Number of protein chains: 2
Amino acid sequence: MLRKETIPLYKKVIDDLKTAIDKGFYKKGALLPSENDLCKTYSTTRVTIRQALSGLINMGYIIRKHGKGSIVTEPKKGLGILSFAGVTAGVGDHKLNTLILQPQVKQPWPLDFFYELNKVELTKGCIYFTRLRQIDGVPVLYEETYITNINLPRFTSKKLENVSLFKTIKDHYNIDILTGEQKIWAVNGDKTVSKLLNIKTSQPIIHMKRRLQTNINDLNIYSSLYCNTQEYFLQDFF
Amino acid sequence: MLRKETIPLYKKVIDDLKTAIDKGFYKKGALLPSENDLCKTYSTTRVTIRQALSGLINMGYIIRKHGKGSIVTEPKKGLGILSFAGVTAGVGDHKLNTLILQPQVKQPWPLDFFYELNKVELTKGCIYFTRLRQIDGVPVLYEETYITNINLPRFTSKKLENVSLFKTIKDHYNIDILTGEQKIWAVNGDKTVSKLLNIKTSQPIIHMKRRLQTNINDLNIYSSLYCNTQEYFLQDFF
DNA sequence: GGTTTGCGCTTGTGTATACAAGTGTGATCT
DNA sequence: AGATCACACTTGTATACACAAGCGCAAACC
């Protein structure tokens, strides 16, 4: 669990406001309380509050207008990582579910792994699992994930169905994604993938390889994804 | 070109450090001067210096290590927009060239345009052009671009061959890209596109639609791209 | 030789304050 | 009624300071 003894005040402010926005307490276009109001609420000063607000700007939760206030915006879909969106704008999360095909298992890295690994990573081995994302029961994305097996006690027993992987590792191990890299191809799926996605092998699909770096040294998250973009597409805000 | 009367100190610090990094004065992995050193240099306080440094973090120019310092990193490749990279890491820009197929022309927006346009955009019309990117003479990316025709004097006579579009509009009109959105599909190319990319219609290619918002109201850049990922791939850092 | 400790450096977090400048509203003036 | 002005409220920029905590190295210790 590794709950921090004390979390900085500005992070608490970020968390509170973020949660309030996520829960719909502040709707898109609404104004957050002014800096001075927040100062009173948290018994702190503008420097600290502004530090929090600039965090929310970076996350894409708000924009700020001189003389006006902090305006809630549509949050960025996480770090510029390509994420799903429906052809019609209004596809909500409720239609999307995640199926675990291969639950988390500790194993050595594959010999022909698609990224170069350093010594520490090779020594530690990885945790491997595969997931299938469906929208309205239709499979659209198949993902194979490898995480360096460092400081992840009991991770193999965590339930990953229908939860955000990033939120899980953040909540349980306080791991943040710092940077990342993704490579993208258009390919024809092989038999296995085509069968999982329930399409013909002649149907073009997106293939992606990702490497995400975290705030823990040598703890990286690698994944290989295949995505059927016939009815849906991949989307990216920045 | 619209020089501000007074620019804030923290912006000057950002600019100075950014320039120094770009010019190679601080190389990748090197440490910037400490906050206190910068305080002395600019006769200011840590709050202001930290404001500048956090700007550089956002731009991806540095990362910071507690107890260590500000470390210069490889700058982000433009805003998380997917960009090219070779299968082998070492593909340099010198191998890539840009061919203008349809030079810039002022015209009304297409009737069935792929993004929704507002009244101002519709009134102003657009500037349209198409480009073909080649690596070693092999065509890999075909791009159709539409820019709202606002405040772009003489843009139709600018030469776009082998130059960065973003750098051109930044240098000549002081236009910055603020935010963006891109959608991605895997498709089989139609006859026209397949011919341009010199591939069979059965070859899967990437299709992207992009919308880039600038610092000028209603001046947006739209593009529709087709990319052959047989030998190369699209890459994205964040 | 190897370990521990202390110290000076760094960034991280926070308080208290000040003035500049943009936005909107209501009172006042014409 | 319509334009102008003053004011309150907002964020933007900046100063000055304090203590916490991580890093690296050298001196001291065993």
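The structure presented is a predicted model; accordingly, all values stated were derived computationally and were not measured. What you see below is based on every heavy atom in this structure, not just the backbone, and it leaves out hydrogens, waters and symmetry mates.
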> Start at the 5' end of DNA chain C and walk down; is the nucleotide closest to S43(A) or to D37(B) reached first?
Replying inline: D37(B)
>> Expressed as a whole number of angstroms, how long is the span from L38(A):CG to dT10(D):C1'?
In response: 12 Å
> Distance check: side-chain N/O of S34(B) vs OP1/OP2 of dT10(C), anything under 4.0 Å?
Replying inline: yes
> For the side chain of Q51(B), counting heavy atoms from C-beta on, which of dT13(C), dA16(D), dT13(D) is nearest?
Replying inline: dT13(D)
> Can you name the one residue among D16(B), D37(B), T48(B) that meets side-chain contact (heavy atoms from CB on, under 4.5 Å) with Y42(B)?
Replying inline: D16(B)
> Please give, in whole Å, the distance from dT10(D) P to I71(A) CD1?
Replying inline: 14 Å
>> Reading DNA chain D from 5' onward, which residue's closest nucleotide shows up sooner: V47(A) or S70(A)?
In response: S70(A)
> Between Y115(B) and Y146(B), does a ring pair (Phe, Tyr, Trp, His ring centres under 6.0 Å) hold up when you go through it step by step?
Replying inline: CA-CA 11 Å; Y115(B) 269 96; Y146(B) 303 80; over 10 Å; no
>> Check this for me: F114(B), atom CZ, are more than 12 non-hydrogen atoms of other residues, nucleotides or ligands nearer than 6.0 Å?
In response: yes
> Between dT13(D), dC23(D), dT15(C), which one does the side chain of K68(B) approach most closely?
Replying inline: dC23(D)
>> With a 4.0 Å cutoff (strictly under), does any side-chain N or O of R50(A) reach OP1 or OP2 of dG12(D)?
In response: yes
> Is the base of dG12(C) touched by the side chain of R46(B) through a donor-acceptor pair closer than 3.5 angstrom?
Replying inline: yes
> Atom OH of Y42(B) and atom P of dA14(D): how far apart are they, to the nearest Å?
Replying inline: 13 Å
>> I need the CD-C1' distance between E35(A) and dA20(C), as an integer number of Å.
In response: 14 Å
> In whole Å, what is the span from the CG atom of L53(A) to the C1' atom of dT11(D)?
Replying inline: 10 Å
>> Can you work out whether Y10(A) or G67(B) has the more 5'-proximal nearest nucleotide on DNA chain C?
In response: G67(B)
> For N36(A) and dC9(D), what is the distance between atoms CG and C1' respectively, to the nearest whole Å?
Replying inline: 9 Å
>> Please tell me if T48(A) has a side-chain N or O lying less than 4.0 Å from either OP1 or OP2 of dT15(C).
In response: yes
>> Could you check whether any side-chain N or O of E143(A) sits under 3.5 Å from a backbone N or O of S223(A), counting only pairs where one atom can act as donor and the other as acceptor?
In response: no
>> Measure CD1/I49(A) against P/dA16(C) and give the value in whole Å, please.
In response: 13 Å
>> Between K11(B) and D15(B), does any NZ, NE, NH1 or NH2 come within less than 4.0 Å of an OD or OE carboxylate oxygen?
In response: no
>> So if I take every side-chain heavy atom of P8(B) and compare against dA14(D), dC23(D), dG12(D), which nucleotide ends up nearest?
In response: dA14(D)
> For L9(B) and dA16(D), what is the distance between atoms CG and C1' respectively, to the nearest whole Å?
Replying inline: 15 Å
